[in-house]
Amino acid sequence: MKPEGCATGGVPLYLLIDGLAPGGPAFTLHGAPENGVYRVLDAGPFGEPIKLPAPFDLVIDTSEFPET
């Protein structure tokens with residue numbers, strides 16, 4: 001499982017972009033890995049910005065993402 005492997009490896013953030021999510025295109029930002037598990041830091045539909053914390057300090061505009 002990719003998220004568990006990243007969390008176990010100490011990857012600080014895991015961003016899931018899901019254009020085919022059941023409720024419509026959405027994103028989920030996971031972070032704060034502990035014991036191989038992430039917690040959800042932010043989530044929302046396409047159209048809402050994704051705010052990545054340090055070390056990135058970046059905002060991603062999801063309104064540009066294609067909705068398929």
Using a 4.5 Å cut-off on heavy atoms from C-beta on, say whether the side chain of [Y] contacts that of [X].
| X | Y | answer |
| --- | --- | --- |
| I60 | F27 | no |
| F46 | E64 | no |
| L58 | P53 | no |

Output a table of donor-acceptor pairs, distance under 3.5 Å, between side-chain atoms of residues 30-41 and any protein atom two or more places apart or on a different chain; print 'none' if there are none.
from: Y38; atom 1: OH; to: A7; atom 2: N; distance (Å): 3.4
from: Y38; atom 1: OH; to: V11; atom 2: O; distance (Å): 2.8

Fill in the blank from the handout: side-chain hydrogen bond (donor to acceptor under 3.5 Å, both in side chains) pairs touching residues 45-61, sequence neighbours excluded, are D61-S63
Completion exercise
What one should report as the nearest heavy-atom pair of V59 and P49 is CG1-CB, 3.7 Å
Side-chain donor-acceptor pairs under 3.5 Å in residues 15-25, sequence neighbours left out?
from: D18; atom 1: OD1; to: L20; atom 2: N; distance (Å): 2.9
from: D18; atom 1: OD1; to: A21; atom 2: N; distance (Å): 3.1

